[in-house]
There are 2 protein chains.
Amino acid sequence: MDTVKSSVGCVKTATEIIGDKWTPQLLRFFMNEDTVRFCQLQNLVGGVNPRTLSARLVHLEEQDIITKTNSLNSRCDYQLTKKGRDLMPVLRSMQAWSDQYASK
Amino acid sequence: MDTVKSSVGCVKTATEIIGDKWTPQLLRFFMNEDTVRFCQLQNLVGGVNPRTLSARLVHLEEQDIITKTNSLNSRCDYQLTKKGRDLMPVLRSMQAWSDQYASK
DNA sequence: ACAAATACTATACATTGTCTAGCGGAAAAA
DNA sequence: TTTTTCCGCTAGACAATGTATAGTATTTGT
């Protein structure tokens, strides 16, 4: 058998974020908007159900990719941390590929 | 509030590949190896079950990201198409982020 | 007071992934 | 030649995950 040693460079950590359904589309909005709210994401990313969206935001918060701040009137703002902003090159490369090969 | 406006660039097409569990890890091997075989992927990407692996390879083939060629002795070689090679920048940016923020 | 919006949660159900086992063909070992 | 092993899968039962739809509490507008 081949002895492929792959000690350097694993993609696993990133897949644990990017690999979750909806998460890339969600993060994409943070590229353009500084702060984002729950229902904005709900409206703009067509068809996420709120349970899934909630789970994603919790996960992203746990992973220190976004922070949640309660605005005064029982509303919440989500925004990227540095770790989250550092993910943007991934999103941009996905965008570039999608633009090139979009099927529809 | 300057550069990219949201109308251009959606990530959806890429997420339909990258978003599948195991697929980024699988594609990563194609970065290093020219041709890859089923059981190589099975062994090297710890813990994919063959059913899932089979489904991923079928999907990647359908999306024209890899091609399957039957070698003489009833073995199969998989290798990247151009479309697949064009995905490598995505993988590399995921690697870079993972290297920076790997939790363990 | 009443309706609409926000940020969710709850229940039931559908889809997807996983564990384990096994199959048929080909080549290597006995 | 028979047996064993490796390869590239597939099959069935089950567990985890995502979805549709509804509902809740709070706030804001009229």
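Just so you know, these numbers come straight off a predicted model, no measurement behind them. Letters A, B, ... are given to chains in the order of the sequence lines, protein chains preceding strands, and every chain is numbered from 1.
Every residue meeting the side chain to side chain donor-acceptor pair (under 3.5 Å) condition with Ser93(A), not counting sequence neighbours, appears here in chain and number order: Ser93(B). With sequence neighbours excluded, the residues satisfying ring-ring contact (aromatic ring centres under 6.0 Å, His included) with Trp97(A) are Tyr101(A). Partners of Asp86(A) by salt bridge (Lys or Arg N to Asp or Glu O under 4.0 Å), not counting sequence neighbours, listed by chain and number: Lys82(A).
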Just list the side-chain donor-acceptor pairs under 3.5 Å for residues 54-66 of chain B, sequence neighbours left out, or say none.
residue, atom, partner, partner atom, Å
Arg56(B), NE, Lys21(B), O, 2.8
His59(B), ND1, Asp20(B), OD2, 3.1

Show every donor-acceptor pair shorter than 3.5 Å between a side-chain atom in residues 42-51 of chain A and any protein atom, with sequence neighbours excluded, or say none if there are none.
residue, atom, partner, partner atom, Å
Asn43(A), ND2, Cys39(A), O, 3.1
Asn49(A), OD1, Arg51(A), N, 2.9
Asn49(A), OD1, Thr52(A), N, 3.1
Asn49(A), ND2, Thr52(A), OG1, 3.3

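Taking atom CG of residue Leu57(A) and atom C1' of nucleotide dC8(C), one finds them 10 Å apart after rounding to whole Å. Between Gln42(A) atom CD and dA22(D) atom P there is a gap of 15 Å when expressed in whole angstrom units. Between the CG atom of Leu53(A) and the C1' atom of dA7(C) there is a distance of 9 Å, given to the nearest Å. A straight line from CG of Leu60(B) to C1' of dC9(D) spans 16 Å, rounded to a whole angstrom. The CZ-P distance, from Arg37(B) to dA27(C), rounds to 13 Å in whole Å. Distance CG (Asn70(A)) to P (dA25(D)): 18 Å, rounded to an integer number of Å. The nearest whole Å value for the distance from the CG atom in Leu44(A) to the C1' atom in dT6(C) is 15 Å. dA4(C) atom P lies 15 Å from atom CZ of Arg75(A), rounded to whole Å.
Here Gln95(A) contributes atom CD and Cys10(B) contributes atom SG; the two are 8.0 Å apart, rounded to the nearest 0.5 Å.
Contact between the side-chain N/O atoms of Ser54(B) and the OP1/OP2 oxygens of dT10(D) is found at a separation under 4.0 Å. Between dC7(D) and Tyr78(B), no contact under 4.0 Å exists linking OP1 or OP2 to a side-chain N or O.
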Please write out the pairs of protein N or O atoms and N or O atoms of nucleotides 12-18 of chain C separated by less than 3.5 Å, giving the distance to one decimal.
residue, atom, partner, partner atom, Å
dA12(C), N6, Arg51(A), NH1, 3.2
dG17(C), OP1, Arg56(B), NH2, 2.6
dT18(C), OP1, Lys21(B), NZ, 3.1
dT18(C), OP1, Trp22(B), NE1, 3.2
dT18(C), OP2, Trp22(B), NE1, 3.1
dT18(C), OP2, Thr52(B), OG1, 3.1
dT18(C), O4, Arg51(B), NH1, 3.4

